[in-house]
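Being a predicted model, the structure only gives us computed values, none of them experimental. For reference, positions follow the sequence shown, starting with 1.
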Amino acid sequence: MKLQIKRTLTSRSERVKCVDLHPSEPWMLTSLYNGHVYIWNLETKKVIKTLEVSNLPVRVVKFVSRKNWIVTGSDDRLIKVYNYNTLEHVNQFYAHLDFIRTIAVHPTHPFILTSGDDGVIRLWNWEKKWSSSREYTGHTYVVMQVIVNPKDNNQFASASLDKTVKVWQIGLRAPNFSLKHDRAVNCVEYHPGNDKPYLVTGEEGGAVRIWDYQTKSCVQILQGHTKDVNTVVFHLSLPLILSGGDDGQLCLWHSGTYRLEKVMNYGLERVWMITCQKASSIITAAFDEGCMALRIGSEEPPISMDLSGKILWAKHAEIQQANVKVANEQEIKDGERLLLAIKDMGTCDIYPLTISHSPNGRFAVVCGEGEYIIYTALTLRSKSYGSATEFVWATDSSMYAISNGNTVTIYKNFKEFKTLKPALGVEGLYGGHLLGVRSTNSLTFYTWETVCVVRHIELEPKHVFWNESNTLVCLSAVQSFHILQYNPESLEPSSTTPDGMSEDGNENSFEVLHEIAETVTHGLWIGDCFVYTNNLNRLRYYVGGEVTTVAYLDRPMYLLGYISKENRVYLGDKELNIVSYRLWTSVLEYQTAVVRKDFDSADKVLPSVPLDQRNTIAQFLESQGFKKQALAVSNDLDHKFDLSIQLGDLQVAYSLAKQCDTTDKWKELADVAMKKSDLALAQECLQKAQDWEGLLLIASSTGNRELMMNVSTLASLNAKTNVEFLANYLLGRCEDCLEILIQSGRLPEAAFFAHTYLPSEISRVVVLWQEKASTINKRLAKSIAEPKSYENLFPNYQVLLKTQEFLKAERSRIKPACSYSQTLDTLSCNPVEEMMKAECSGAFVSSQLLNAASEVDEDVEGFVTIQSLSPGDESPFDDLENDKDILIPSHVQKLSTALLNELTPESSTSAAQLAGGTASEEVPAHQINFDTNELWDQELEIDLENLNIDDFDIADLNLDGDEFLLDDDDDA
């Protein structure tokens, strides 16, 4: 019997007394002699949970998966229960008077059975607060193991050191019968199949016994161990008995022939326990120096389906048949288990490991135990048989090949046809259009008829799949799969070796199309589409270099076949459950035509593609680079919009954006429109997307003042303070910017903004700032100064006020964006200096000058100030007999002229003309209104320069008089 054995996990540790497998998770549970319990993840090969149960040995531990529990039994005589998700301690109780040896969990009832060194078996019910429902007495010494009959849950068996195995009924306290041994019995196990009412036991001295518990007779004694046997189990999916003992050996026995198939010793000393699981090829073992997980055999179940939907599978040695077409008469949902009518076909003479139909479906071959039998598929009548370790069909059902050792024999019409002995040996065979022979690190393809080498490939695949037209082949390796195109017309007679065969074949016979980094577990071709399942439990298909996921599977599944009339692909699992998924033939045909660039055929197939599959077609077309066709096929608005954006079709994208009317799509369309310089469309899209930042960018970039004003208004309505502030700032609306900062509570920023742009508003803003700061820290509020209260801290405040007034007119003057180059030099000017120059030249008169001119004081001879006169008022110059005697200096004329121009801007007549002269002439004082502090300062400086102290008569002046003395209380 050919067995594939692979070690998946090895861990060295202190003595491991017990192991158990979780029924649905990839977990291994171990208990150690030091009192610790570990949960291993067999996929990651790491410990995921740790429990410190006791200071004494934990001899037994079991999963109770339906309660998420771990139940342990240790030498402290306690049964302890933990939640394996939270590690919460659920319960504990004293179960026996001595060491606890074994725990058996009932598969359906809320019971556990325990036994120990006190020789008593007890039944515990966790739904009754772990009360002891029943005691079973009859053994006279230590009870080493208790096991429940999988075929009759009301029956269990026990093995004891009193040299007996007893069979019990749960409802009875006394045993039904006993099976006596020559030595102490350490272990017992029931046969899982319905065809054999057998028990297997292991005893001291190394013997393994097979018992028929119906006849109570010993069927066979297996001798292979040299020391005591501690554990023995039936494999649940292979015809194997596994045993382990003190000699450190793992022995594999054939359960039908009782032949010792294999002996393994991993150097971990004594074997204490072996466990296996239903529908799994994993077994685990506990040793003195650690634990181990092994994979024995293949995970793929013995099952096959022909082209018509008839399925053959094997349950142990029984062959059964089902038809999926009967199930298709009912409504089928993807992924649901099909309810099939099962027909018993008979019993096979060998234990089936694989079953496969011939390409035409007329025959089915069963392989196992190093033999093969070809049956007729309908009646299961034997057609041919023989010895073989491998069997494969050719595309022509009349031909097949077998391997024995390093020899490959080809049969035609059930007669030996050709014999092949590859120089590199034979490690595997692959059928199909060409015969594939796998050797070490290589694969060689041969023709079936002439057995000539077609191509030698440096690759060691696990599977080889040919499509129906024999033009494409998939080579599935460990971590990836390769799609190759076969070119039969390129084959020519090549140079041959002395044996009459070519050495490496024709290099042009195969062309690598794609390599996909996925592990294929099973696959099949539908046209040019390769459908497969991977190691991540995904059902996917490959076509034209693109991979599409059909479904996510909850367990490993294996492809059986595809029925085009039903548009469904069928899969089976290890437990022979059959499910199906919808896979439209028209979709696959369309994709195949596109890959072949046969668009005429694709257009003919398109009307038959269901509407709900059009998006799948569109996505495939897009992946192949046919975006215009994808846009025409797709019925998904989002996908069509994305395609129109990629194609740059703004009109189609605009109409789709209107239908979708989402912010993201308007923004995306606006970006594309700006790239294509369609600013009008970009502006509309941004407005519909309410993207005020984007609108601000367009308005500032294009110099569109009206749009900028709209942005300011819209930003204000939508509480976009930053955008509103920036828009007003660009528009020169400093007053509005200040109000935005105040309303948003940014008073410190408002104060500094006022200091920079609006000095006249500093005091108002600082007062608000002080009020807000006083609510937090009053001392902090008092430390903030403002110009009206602390003029000494703002020495240039009056100059800043005049500069603000000077710039106000400049801000109100609207300049087109095209004048930027002409005004560029002015951007680096100093506003204060510009104001002072304008004031000296008369081009600017501040409001301070106007306010000073509103009053008249006669303090210096020759100079008067004019008050504001109303119509009809008498002029202060009316009493002057000769106004020509009072003349105005020329530099004062310029200031007064500017003053008049400021007062009467609408007049085109200069002040000098109004005064009856020119600007260069001295004008009588009563004809001009003037007076400023600066005038007074300048005139006083001139008078002081012309002052002569000798002209004063101070003879009669008494400087010691009281009128010149000031009291301390008087103001200076």
Side-chain angles (χ1 to χ4, degrees), residues 543-550 552 584 587 590-591 594 599 602-603 606-607 609-728 730:
V543 58
E546 296 297 323
V547 174
T548 303
T549 300
V550 178
Y552 295 89
W584 292 96
V587 173
Y590 185 92
Q591 292 176 334
V594 170
F599 293 104
D603 292 338
L606 183 60
V609 176
L611 293 178
D612 60 350
Q613 296 297 312
R614 294 293 178 91
N615 296 331
T616 302
I617 293 294
Q619 292 172 0
F620 175 76
L621 287 169
E622 181 186 4
S623 67
Q624 297 295 309
F626 306 113
K627 296 181 180 179
K628 288 186 178 180
Q629 292 83 347
L631 180 60
V633 169
S634 178
N635 54 16
D636 183 0
L637 293 180
D638 293 336
H639 190 207
K640 294 182 71 172
F641 178 81
D642 293 338
L643 290 170
S644 62
I645 290 295
Q646 295 176 33
L647 293 169
D649 193 338
L650 298 183
Q651 293 183 351
V652 174
Y654 178 75
S655 62
L656 292 170
K658 289 179 66 176
Q659 295 180 53
C660 298
D661 195 21
T662 61
T663 300
D664 294 338
K665 287 188 170 41
W666 286 119
K667 286 184 177 180
E668 190 173 354
L669 180 56
D671 292 340
V672 177
M674 283 194 283
K675 290 179 181 178
K676 291 184 171 292
S677 301
D678 192 345
L679 297 181
L681 177 60
Q683 179 178 335
E684 181 182 354
C685 294
L686 291 173
Q687 285 179 341
K688 292 186 176 182
Q690 297 185 354
D691 187 352
W692 316 122
E693 294 85 353
L695 286 172
L696 179 67
L697 175 62
I698 290 182
S700 61
S701 301
T702 58
N704 191 334
R705 183 178 180 83
E706 182 180 356
L707 177 59
M708 187 69 76
M709 296 172 67
N710 291 335
V711 170
S712 174
T713 303
L714 293 171
S716 177
L717 295 175
N718 290 274
K720 296 289 183 180
T721 307
N722 291 340
V723 177
E724 181 188 4
F725 177 87
L726 190 55
N728 282 291
L730 294 174

Stepwise side-chain contact (heavy atoms from CB on, under 4.5 Å) test for M708 and N728: CA-CA 8 Å; M708 187 69 76; N728 282 291; over 6 Å; no
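- Residues satisfying the salt bridge (charged side-chain N to carboxylate O under 4.0 Å, His left out) test with E546, not counting sequence neighbours, are none.
- For the residue pair S712 and A727, the shortest heavy atom distance occurs at CB-CB, 3.9 Å.
- Taking the side chain as every heavy atom from C-beta outward, Q690 and T663 never approach each other to under 4.5 Å.
- In this structure, N635 contributes its side chain and L611 its backbone to a donor-acceptor pair below 3.5 Å.
- Not a single donor-acceptor pair under 3.5 Å links the side chain of D636 to the backbone N or O of N615.
- In plain terms, the two heavy atoms of D638 and C660 that are nearest each other are OD1-SG, 4.1 Å.
- Side-chain contact between V609 and Q591: absent, with no pair of heavy atoms (C-beta onward) separated by less than 4.5 Å.
- Counting only heavy atoms from C-beta outward, the side chains of L681 and M674 never approach each other to under 4.5 Å.
- Checking L621, V594, D603, I617 one by one against Q629, the side chain to side chain contact (heavy atoms under 4.5 Å, CB included) holds for a single residue, L621.
- The nearest pair of heavy atoms linking K640 to S634 is CD-O, 3.2 Å.
- For residues 673-683, no residue pair satisfies the side-chain hydrogen bond (donor to acceptor under 3.5 Å, both in side chains) rule, not counting sequence neighbours.
- When side chains are defined from C-beta on, Y654 counts as touching W666, because their heavy atoms get closer than 4.5 Å.
- For the pair N718/V723, no side-chain contact is recorded, criterion being any heavy-atom separation below 4.5 Å from C-beta on.
- In this structure, A653 and L669 approach most closely via the heavy-atom pair CB-CD1, 3.8 Å.
- In this structure, the side chains of L714 and K720 stay at 4.5 Å or more apart for every pair of heavy atoms.
- Using a 4.5 Å cut-off on side-chain heavy atoms (C-beta onward), L643 and E622 make contact.
- Counting heavy atoms from C-beta on, the side chains of I645 and K665 never come closer than 4.5 Å.
- Aromatic ring centres of F620 and Y590: separated by at least 6.0 Å.
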